[in-house]
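Computed from a predicted structure; not experimentally measured. Within every chain, numbering begins at 1; the chains are lettered A, B, ... in the order of the sequence lines, protein sequences first and strands thereafter.
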Number of protein chains: 2
Amino acid sequence: MEEELASETEDVDALIRSAGLRITKQRQAIARVLLDSGDHPDAEEVLERARDEDASVSQATAYRTLAVLAEKGLLDTHTFDGGVTRFELSDRPHHDHMIDIESGKITEFVSSEIEKLQREIARRHGYEIVAHRLELYCRKIDPS
Amino acid sequence: MEEELASETEDVDALIRSAGLRITKQRQAIARVLLDSGDHPDAEEVLERARDEDASVSQATAYRTLAVLAEKGLLDTHTFDGGVTRFELSDRPHHDHMIDIESGKITEFVSSEIEKLQREIARRHGYEIVAHRLELYCRKIDPS
DNA sequence: CTCCTAGTTGCAACTCATTCTCAGGAGCCT
DNA sequence: AGGCTCCTGAGAATGAGTTGCAACTAGGAG
């Protein structure tokens, strides 16, 4: 079994069906990219990777499919620092992001303490939190 | 003294000079808008308001001036939920934002506790925080 | 297995925020 | 006042993302 984390076809199809979409080879290529990605690719990167599996995937289909998956809540979207929209499967545990401003490297983290404080602050203002965005733009601590 | 918080010309000019720019009537109009705004206008809104004072301000000048002020650190920028870029003077105390997803109303808040936790998390990963973005997307708690 | 149709696709044209180009205008130092 | 730069408005250009459209196809009905 020397597979390189190539996701099973059943997972791929399940993701597409969850969004209420028909199974097509273009969507399978896109879904597989998302299932196999551990990072946060943008639409162009998803398109590029999907074309490795099926060269016929068009830009329009990539954008359209990503939009539907995001709308159905199957994908989370991020626009770090006003850049392009990046995607990530939403079936994973919640987390926030730390962005290395020098390398662009993204580290994920969670803090139940911060989450709790957020809910308290919102309640104090008469609100309940529907979603939140917490991004830390950081620099490696110079060890000198 | 029935002024409607019309900022003094000296403040307006000081802001422009701080950015290393020459004083022009277009920039004065833009700077005055920023000094008089308590909200988070985007470039088009700044342009529209600036034209009340000087109808000759062009879109290009609005974008250019805002870009320089932001670059010099005199303005903070926000792109709530992947929308357009919004501006706000940065000489005010630090704060984060709570966005009412139904009305679009923005409430500002601060939490030194959250800030402290953020620094701790970053340090644990070998980073120091250069900037951060914390946005809470909320809904009014239904009192029913 | 074939048919049929609503759902899909690629392509190119389009939108919209933002940036750039350029030729004519104006600060401001002296 | 002179003039070297910096600025300006108009419009063209850019780039991410969207959409119209005619051809194509998934997949349920028969």
Could you report the tightest heavy-atom contact between Asp54(B) and Gln26(B), atom names first, then the distance?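 So the two residues come closest at OD2-N, 3.9 Å.
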For His40(B) versus Glu45(B), what's the shortest heavy-atom pair and its separation?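 Distance-wise, the nearest heavy atoms are O-OE1, 4.2 Å.
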Aromatic plane relationship, His78(A) with Phe80(A) - under 30° parallel, 30 to 60° tilted, over 60° perpendicular: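 Rings of Phe80(A) and His78(A): parallel, as their planes differ by under 30°.
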Is it true that, when you exclude Glu48(A) itself, more than 12 heavy atoms of the residues, nucleotides or ligands shown sit nearer than 6.0 Å to its CD?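 Check fails, neighbour count at 12 or below.
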How long is the span from the CZ atom in Arg49(A) to the CG atom in Asp36(A), to the nearest 0.5 Å?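 Between atom CZ of Arg49(A) and atom CG of Asp36(A) there are 10.0 Å.
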Heavy-atom donor-acceptor pair, [X] side chain to [Y] backbone, under 3.5 Å:
X         : Y         : result
Glu53(A)  : Ala50(A)  : no
Thr77(B)  : Phe87(B)  : no
Arg139(B) : Glu102(B) : no

Would you call Arg133(A) and Glu135(A) a salt bridge, using N to O less than 4.0 angstrom?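 A salt bridge links Arg133(A) with Glu135(A).
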Go through residues 58-75 of chain B and report each residue with a non-hydrogen atom lying under 4.0 Å from DNA chain C, sorted by number.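 Contacting residues: Gln59(B), Ala60(B), Tyr63(B), Arg64(B).
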Could you list by number each residue of residues 12-29 of chain A showing a heavy-atom separation from DNA chain C of less than 4.0 Å, or answer none if no residue does?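 When residues 12-29 of chain A is checked for heavy atoms under 4.0 Å from DNA chain C, the hits, listed by number, are Leu21(A), Arg22(A), Thr24(A), Gln26(A), Arg27(A).
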Near DNA chain D, which residues from residues 43-57 of chain B have a heavy atom under 4.0 Å away?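 Going residue by residue through residues 43-57 of chain B, the ones with a heavy atom under 4.0 Å of DNA chain D turn out to be Ser56(B), Val57(B).
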Check whether any side-chain heavy atom of Ile99(A) lies under 4.5 Å from a side-chain heavy atom of Leu136(A), and answer yes or no.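 Not in contact.
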